Amino acid sequence: MASSSLDTEAGQAHKAAGDGEYTTAATAHAVDTDSWQQVGLLLVTGFNCAYVLSFSNLMMVPLGWWWGAACLLLVGVAAWYANWLLAGLHLVDGHRFIRYRDLMGYVFGTNMYYITWFLQFTTLLLGSMGFILLGGRALKAISAEFTGESTPRLQWFIAATGFVYFAFAYFVPTISAMRNWLATSAALTVTFDVALLAVLVRDGRSSKQTDYTIHGTPQEKVFNALGAVAAILVCNTSGLLPEIQSTLRKPSVSNMRRALALQYTVGAAAYYGISVAGYWAYGAAASEYLPNQLGGPRWASILINATAFLQSIVSQHLFTVPIHEAMDTRLQRLDEGMFSRHNMARRLVARGVLFGVNVFVTALFPFMGDFVNLFGSFALFPLTFIFPSMVVLKIKGECEGRWHRLWHWGIIVASSLLGVATSAAAVRLIVHNASVYRFFADM
């Protein structure tokens, strides 16, 4: 195996006691502190956000009922298996890998470390921008209920959302620190889900004729279907499981797998259920942001958009914490607490630069929803399916038998082909919309 890249993020490491002695990379954030129930709830509420719950347009419309249901099931099961497999790679050769890129660097060398770093951070940055756009749209929808056509431009709401996200990330700097907000996030999630589902059922029952036809030329249908598969993957995985797993108490492997079981049962039932209900209610006309399409009283629209915005504050933090952890470990003093004067000053600058750039890019390209398909295909296929099988083949391939090797090689080949195809479909969609929308469009 290649030399370890554990010291890439920080110049020191420490020993920890588990089922044996193992080495853990130095980090500014907490490890070994959280229960599996806390992490499971974090995963359930993190994925059950308005960003994901508005994917009816992305997932179901291009596929229709039968293909849509089949892909939801197959991709969900495949993502669960891949993450279950990755959770078992948390401890390798006496090392505990609290970062995905450290695992890949240890097993395959420096180049794979940086490839993984690029794929992860690209995914997380694009996801952060998508959340900022979601928050901006929710705030604009609330404003429109009171001001009508005189509502300010979307960019003002994007800036306000970015500031709120920045403040939360500054004062709640780590995954473990989110424990005090999970009950609030769960309450907001339930409120959003119930209110949205109630209006969807009302709209669906009042619709006399719903069009479920898959529209477009044969070529467009193929590309849109591939994009839908990528969007379904985004609903099910994040590409940062080792980073989340690092916060768990021992035994970290079995605890992570318990948390995943909660996500892929309770969590998946919720975000799949809302997506299917949205398609049932509106069919091919389903909007990329369902709350904009809802009928019913004004108070319901305000409630749904308000809970969508507030819940997204917690959800988005889960998907940006690995970036914060990398910057904090580089910039802060590891022998001081997160809230020492020096570390708070460094964190203020780091968080400010990150969210400042994200807000500007989101305001510049206010059709970030199109990038969901791109990072679902370009980054999440390797991170979710290809890399775990590569690691298993590297460290266990010779002793597990022929069929075991064929199984993982089949995963690698099939995922690679599907990743290339879905990436091409995503790029095609982005190029099309870039020609339709202008910079700083008020959508």
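For clarity, every value in this text was computed on a predicted model and none was experimentally measured.
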*Rounded distance (nearest 0.5 Å) linking atom CG of Leu42 with atom OG1 of Thr247*: 7.5 Å
*Measure the shortest side-chain to side-chain distance between Gln311 and Phe192 over non-hydrogen atoms and say whether it is less than 4.5 angstrom.*
no
*asked:* Can you tell me which residue among Trp67, Trp66, Trp65 is in a ring-ring contact (aromatic ring centres under 6.0 Å, His included) with Tyr212?
replied: Trp65
*His324 vs Phe355 aromatic rings, parallel, tilted or perpendicular, using cut-offs 30° and 60°?*
tilted
*Minimum heavy-atom distance between Val229 and Cys71, given as atom pair plus value*: CG2-SG, 4.3 Å
*Quick one: does Pro322's side chain get under 4.5 Å of Gln120's, heavy atoms only?*
no
_If I take atom CH2 from residue Trp36 and atom CG from residue Leu41, how far apart are they, to the nearest 0.5 angstrom?_
10.5 Å
*Look only at the side chain of Arg249 and the backbone of Thr33, and say whether a donor-acceptor pair between them is shorter than 3.5 Å.*
yes
*Closest heavy-atom contact between Glu145 and Ser301?*
OE2-OG, 3.2 Å
*Taking the side chain as every heavy atom from C-beta outward, state whether Leu348 and Phe166 have any atom pair closer than 4.5 Å.*
yes
*Criterion side-chain contact (heavy atoms from CB on, under 4.5 Å) on Trp280 and Arg205, from CA distance to verdict*: CA-CA 10 Å; Trp280 168 76; Arg205 295 179 65 179; 4.0 Å; yes
*Criterion side chain to side chain contact (heavy atoms under 4.5 Å, CB included) against Val39, the qualifying member of Asn255, Val44, Ile244*: Ile244
_Side-chain ion pair, Arg351 and Asp328, N-O less than 4.0 Å_ = yes
*Val107 vs Met112 side-chain heavy atoms within contact, under 4.5 Å*: no
*For the residue pair Trp84 and Tyr81, categorise the inter-ring angle as parallel (less than 30°), tilted (30 to 60°) or perpendicular (more than 60°).*
parallel
*Please tell me if the side chains of Leu134 and Gln316 come closer than 4.5 Å, counting only heavy atoms from C-beta onward.*
no
*Are any of the side-chain heavy atoms of Thr320 and Leu124 separated by less than 4.5 Å?*
no
*asked:* Pair Ile214, Leu63 - check side-chain contact (heavy atoms from CB on, under 4.5 Å), show working.
replied: CA-CA 7 Å; Ile214 302 175; Leu63 294 172; 5.6 Å; no
*Measure the CG-CG distance between Leu233 and Leu383 for me, rounded to the nearest 0.5 Å.*
9.5 Å
*Between Ser206 (side chain) and Arg202 (backbone), is there a donor-acceptor pair under 3.5 Å?*
yes
*When you look at Thr191 and Thr307, which way does the side-chain hydrogen bond (donor to acceptor under 3.5 Å, both in side chains) test go after all the steps?*
CA-CA 7 Å; Thr191 301; Thr307 52; over 6 Å; no
*asked:* Do Leu241 and Thr384 make a side-chain contact, defined as non-hydrogen atoms from C-beta onward lying under 4.5 Å apart?
replied: no
*What do the steps show when you test Asn358 against Ser128 for side-chain hydrogen bond (donor to acceptor under 3.5 Å, both in side chains), and what is the final call?*
CA-CA 7 Å; Asn358 284 355; Ser128 175; 3.0 Å; yes
_Could you go through Asn236 and Tyr272, starting from their C-alpha distance and side-chain angles, then the distance that decides it, and tell me whether this counts as side-chain contact (heavy atoms from CB on, under 4.5 Å)?_
CA-CA 10 Å; Asn236 284 284; Tyr272 275 4; 2.8 Å; yes
*Between CG on residue Leu260 and CG on residue Leu86, distance to nearest 0.5 Å*: 9.0 Å
_Nearest heavy-atom neighbours spanning Ala87 and Arg257_ = CB-CG, 4.2 Å
_So which atom in Ala177 and which in Val172 form the shortest heavy-atom distance, rounded to 0.1 Å?_
O-CG1, 3.5 Å
*Would you say the side chains of Tyr282 and Ser207 form a donor-acceptor pair under 3.5 Å?*
no
*Could you tell me whether a side-chain N or O of Ser423 sits under 3.5 Å from a main-chain N or O of Gly419, the two making a donor and an acceptor?*
yes
_Quick one: does any side-chain atom of Arg96 pair with a main-chain N or O of Ser246 as donor and acceptor, under 3.5 Å?_
yes
_Testing the basics here: between Tyr165 and Phe131, what is the closest heavy-atom pair and its distance to 0.1 Å?_
OH-O, 3.2 Å
*Could you tell me whether a side-chain N or O of Gln293 sits under 3.5 Å from a main-chain N or O of Ser287, the two making a donor and an acceptor?*
yes
*Is there a donor-acceptor pair under 3.5 Å between the side chain of Gln332 and the backbone N or O of Thr329?*
no
*Between Arg346 and Asn343, does any side-chain donor sit less than 3.5 Å from a side-chain acceptor?*
no
_Would Leu393 and Ile412 count as a side-chain contact (heavy atoms from CB on, under 4.5 Å) here? Give the steps._
CA-CA 10 Å; Leu393 287 172; Ile412 292 171; 3.7 Å; yes
*In Å, rounded to the nearest 0.5 Å, how long is the span from CG of Leu119 to CZ of Phe387?*
5.0 Å
*asked:* With a 3.5 Å distance limit and no angle check, can you tell me whether His90 reaches the backbone of Ile98 through a side-chain donor-acceptor pair?
replied: no
*Please name the pair of heavy atoms, one in Arg347 and one in Tyr170, separated by the smallest distance, quoted to 0.1 Å.*
NE-O, 3.0 Å
_As an exercise, state the distance from CG of Leu318 to CD of Glu243, rounded to the nearest 0.5 Å._
10.5 Å
_Validation row: Thr151, Lys140 side chains within 4.5 angstrom (heavy atoms)_ = yes
*Ring centroid separation Phe319 to Phe47 under 6.0 Å*: yes
